[in-house]
Amino acid sequence: MENKQIANFFAEIAELLELQGENPFRIRSYQNAARIFGDMSESVVAMVRSGQDLREIPGIGEGISKKIIEIVETGKLKFLEEQRAKVPAGLPELLRIEGLGPKKVKLFYDRLGIDSLDKLEDAAKAGKLRELEGMGEKSEEKILKGIATLRRGLGRFKLSVGLSYAEALVAYLKKAKGVKRLEPSGSLRRRCETVGDLDILAICANDSPLMDNFTAYDDVEEVIAKGETKSSVRLRCGLHVDVRVLEPGSFGSGLQYFTGSKAHNIALRSRANDRGLKLSEYGVFEIQTDKKVAGKSEEEVYKVLDLPLIPPELREDRGEIEAAEKGELPKLIELSDIHGDLQMHTKESDGKDTIEEMVEAAKNLGYEYIAITEHSKAVRIANGLDEKRLAEHLKRIDKVNAKLSGFRVLKGIEVDILADGSLDLSDDILKECEVVVGSVHSRFNMEEKEMTQRIIRALKNPNVNFLGHPTGRLILEREPYKVDLKEVIKAAIDNNVIVEINAYPDRLDLRDVDARMAKEMGAKLSISTDAHSKLQLDVMKYGVFTARRAWLEAKDVVNTLPLARLLKAIRTGT
DNA sequence: GCCGTTTTCGGCCCGACTGTTTTCAGTCG
């Protein structure tokens with residue numbers, strides 16, 4: 001059973017308890033558990049089987065730990081089934097309608113017997129909801145809109161997509177008179193792999209037309225709310241965007257608040273309370289006197305809570321507050337630490353540009369090396385290379401290198417890991433390559449054991465020195481294949497194989513939490529773009545974002561090394 | 001349900017907005 005499934009048990013319990021009007025703090029405990037297990041890289045099942053006490057995890061106590069043991073042992077959970085029996089099956093779905101929560105859903109069911117989207121839609125259209133207390137015509141309209149949005153199925157957007165919308169919008173808003181500062185916050189600022197909406201914070205003069213300009217933006221489909229300090233719109237692509245205007249004296253606390261995450265903020269506010277302080281988006285205040293003690297900058301807010309500034313990418317309540325308290329925050333890797341790029345394709349397989357063009361673009365980024373890693377022959381659709389073509393290609397790389405000074409093109413290949421774990425090219429030709437990236441591109445639907453053994457066998461080949469996109473996922477499009485990552489990473493360490501964070505924004509593979517586990521296990525990592533054109537070399541930043549969210553420092557990533565030391569690290573692991 | 005150098009019981013983050021109301025409940029982030 002996957003962690004995600006275990007998380008779902010608790011998320012469902014939380015919803016069912018909400019619909020029964022249970023104690024909100026009890027509900028939060030289940031929501032927390034769902035978040036904790038959903039975020040976890042290590043397999044919960046494996047932890048339980050090895051006898052680990054889950055109560056060691058903050059937020060997990062007696063009750064939930066017992067429930068997990070039951071899930072692992074029986075695949076079921078009696079408590080969940082009992083809750084399901086108490087709540088009509090259609091109600092949880094109604095909670096996904098924006099603006100509708102457990103109280104209203106329960107009211108509709110108790111009074112009108114509504115237990116499905118269709119019934120709710122009919123009742124709203126027939127004007128029956130307005131007869132209930134606390135309901136009116138506008139509420140009905142809102143519910144109908146919410147149902148329509150839900151049916152359109154617009155969910156989250158890839159970070160790269162969110163960033164490009166944010167950049168365009170910020171560039172546009174900047175032109176409004178009186179705008180002094182604009183700062184995207186939220187999950188975008190934390191560089192989460194997907195974003196659900198955009199929160200843009202602003203400082204501007206009182207008479208600034210910022211809000212008018214915002215709601216008049218070309219790409220706006222619907223204006224949801226418009227006020228002096230807060231406006232909300234939905235863009236044509238379905239992305240929800242809020243713009244909020246803050247006072248300069250509250251910008252730091254506002255930025256802190258809107259950057260989140262929710263769990264990080266709750267932990268921080270709780271910490272403020274312990275110190276007789278109250279934290280909100282307006283600042284930090286003494287509870288007794290209501291005196292404001294911080295708010296202008298984020299540094300200030302964290303400082304009065306006796307903490308150093310915690311980088312946005314770490315604010316997930318995954319131990320960053322404890323680490324900050326002990327002065328043990330990592331010195332996170334930066335884009336400028338990157339010395340080169342170790343996976344890319346040219347015209348020879350499925351890329352768009354030549355070796356020379358890739359070199360030119362890489363030099364412009366300030367790199368001192370790249371590795372050209374074409375596909376191997378098994379990936380026919382990508383025009384993969386066989387032994388003969390690869391030998392010729394390596395000669396071409398030699399020729400390019402002969403003309404370069406202060407820059408080196410490493411001879412590489414992205415060799416396919418075949419279904420049985422053997423490689424798609426002979427050892428004789430692989431020996432000629434300096435960078436051999438082993439990757440899986442086929443038979444994604446194997447059982448976990450089989451897939452794990454397949455990859456481990458490939459890693460044992462002494463010619464393989466990198467593992468490419470280790471889980472094969474495509475964000476929002478394709479689930480990772482089933483694999484025991486911990487075993488794979490262990491094998492990578494034992495066989496001196498560097499584990500890749502694929503920076504391609506559709507992949508970001510390893511994920512943040514997996515990369516963090518890899519680091520903690522002692523693995524060496526690389527960040528590579530997998531670029532298929534010279535322009536795509538720019539996606540390195542997404543890999544760095546993921547690495548930062550994984551708590552990685554420059555020393556954890558081999559392509560922060562200068563060439564000579566990189567080559568040594570590939571050969572010897574040091 | 002979780003947690004504890006103020007506690008094993010009694011707390012548990014905070015404020016805005018909306019739509020419905022004449023002071024507030026529900027929802028959201």
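Proteins come first, then strands; the chains are lettered A, B, ... in the order of their sequence lines, and each starts at number 1. As the structure is a prediction and not an experimental result, all values here were calculated from the model.
- Using P as the reference atom, B:dT8 and B:dG15 are 29 Å apart when rounded to the nearest Å.
- Taking the ring centre of A:Phe79 as origin, the terminal cationic atom of A:Lys67 falls inside the region bounded by 6.0 Å and 45° from the ring axis.
- Within the 4.0 angstrom heavy-atom criterion, only backbone atoms of the sugar-phosphate kind lie near A:Lys103; the bases stay farther away.
- Residue A:Pro24 is classed as having no contact, given no heavy-atom separation below 4.0 Å to the nucleic acid.
- The nucleotide range of DNA chain B contacted by chain A, defined by atoms under 4.0 angstrom from heavy atoms of the protein and reported 5' to 3', is B:dG1 to B:dG29.
- Shown here, B:dT7 is classed syn by the O4'-C1'-N9-C4 or O4'-C1'-N1-C2 angle, which is within 90° of 0.
- Checking side-chain atoms of A:Glu281 against main-chain N and O of A:Ser253 turns up no donor-acceptor pair under 3.5 Å.
- A:Thr546 and A:Asp512 are not linked by any side-chain donor-acceptor pair at a separation below 3.5 angstrom, with hydrogens and angles left out of the test.
- Looking at heavy-atom distances under 4.0 Å, A:Ile64 makes contact with sugar-phosphate atoms alone, never a base.
- Between A:Arg55 and A:Asp53 a salt bridge is recorded (basic side-chain N to carboxylate O distance below 4.0 Å).
- Residues A:Met135 and A:Glu281 both approach DNA chain B. Their nearest nucleotides, taken by heavy-atom distance, put A:Glu281 toward the 5′ side.
- Using a cutoff of 4.0 Å between basic side-chain nitrogens and carboxylate oxygens, A:Lys226 and A:Asp212 are scored as salt-bridged.
- Across the C1' atoms, B:dG26 and B:dT20 are found 10 Å apart, a figure rounded to whole Å.
- At a threshold of 4.0 angstrom between heavy atoms, the contacts of A:Asn273 are confined to the sugar-phosphate backbone, with no base atom among them.
- For the pair A:Glu98 and A:Leu279, both in contact range of DNA chain B, the more 5′-proximal nearest nucleotide belongs to A:Leu279.
- Within the 4.0 angstrom heavy-atom criterion, no nucleotide atom of any strand lies near A:Leu268.
- Nucleotides B:dT21 and B:dA25, compared at atom P, are 14 Å apart to the nearest Å.
- Nucleic acid contact for A:Glu62: sugar-phosphate only, since backbone atoms but no base atoms lie under 4.0 Å from a heavy atom of the residue.
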Could you go through residues 239-251 of chain A and list every donor-acceptor pair under 3.5 Å that involves a side-chain atom there, pairing it with any protein atom two or more places apart or in another chain?
from: A:His240; atom 1: NE2; to: A:Asp242; atom 2: OD1; distance (Å): 3.2
from: A:Asp242; atom 1: OD1; to: A:Ser232; atom 2: OG; distance (Å): 2.6
from: A:Asp242; atom 1: OD2; to: A:Arg244; atom 2: NH2; distance (Å): 2.9
from: A:Ser250; atom 1: OG; to: A:Tyr282; atom 2: O; distance (Å): 3.1
from: A:Ser250; atom 1: OG; to: A:Lys292; atom 2: NZ; distance (Å): 3.3

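- If you check every strand for non-hydrogen atoms under 4.0 Å, A:Ile27 touches nothing.
- Rounded to a whole angstrom, the distance from the P atom of B:dC2 to that of B:dT6 is 23 Å.
- Contacts of A:Tyr217 classified as ring pair (Phe, Tyr, Trp, His ring centres under 6.0 Å), with partners at least two apart in sequence or in another chain: A:Tyr172.
- Here, B:dC14 and B:dC9 have their P atoms 25 Å apart, quoted to the whole Å.
- Among the heavy atoms of the strands, none lies under 4.0 Å from A:Lys66.
- Residue A:Glu18 is out of contact with every strand shown, counting any heavy-atom pair closer than 4.0 Å.
- Across all strands shown, A:Tyr257 has heavy atoms under 4.0 Å from base atoms, whether or not it also approaches the sugar-phosphate.
- A salt bridge between A:Lys76 and A:Glu70 is absent, with no side-chain N of the basic residue lying under 4.0 Å from a carboxylate O of the acidic one.
- Base pairing annotation: B:dT8 forms no Watson-Crick or G-U wobble pair, as no partner gives both donor-acceptor distances under 3.5 Å.
- Going from the C1' atom of B:dT23 to that of B:dC17 covers 16 Å, rounded to whole Å.
- Within the 4.0 angstrom heavy-atom criterion, no nucleotide atom of any strand lies near A:Ala33.
- B:dC13 and B:dG29 are spaced 12 Å apart, taking the C1' atom of each and rounding to whole Å.
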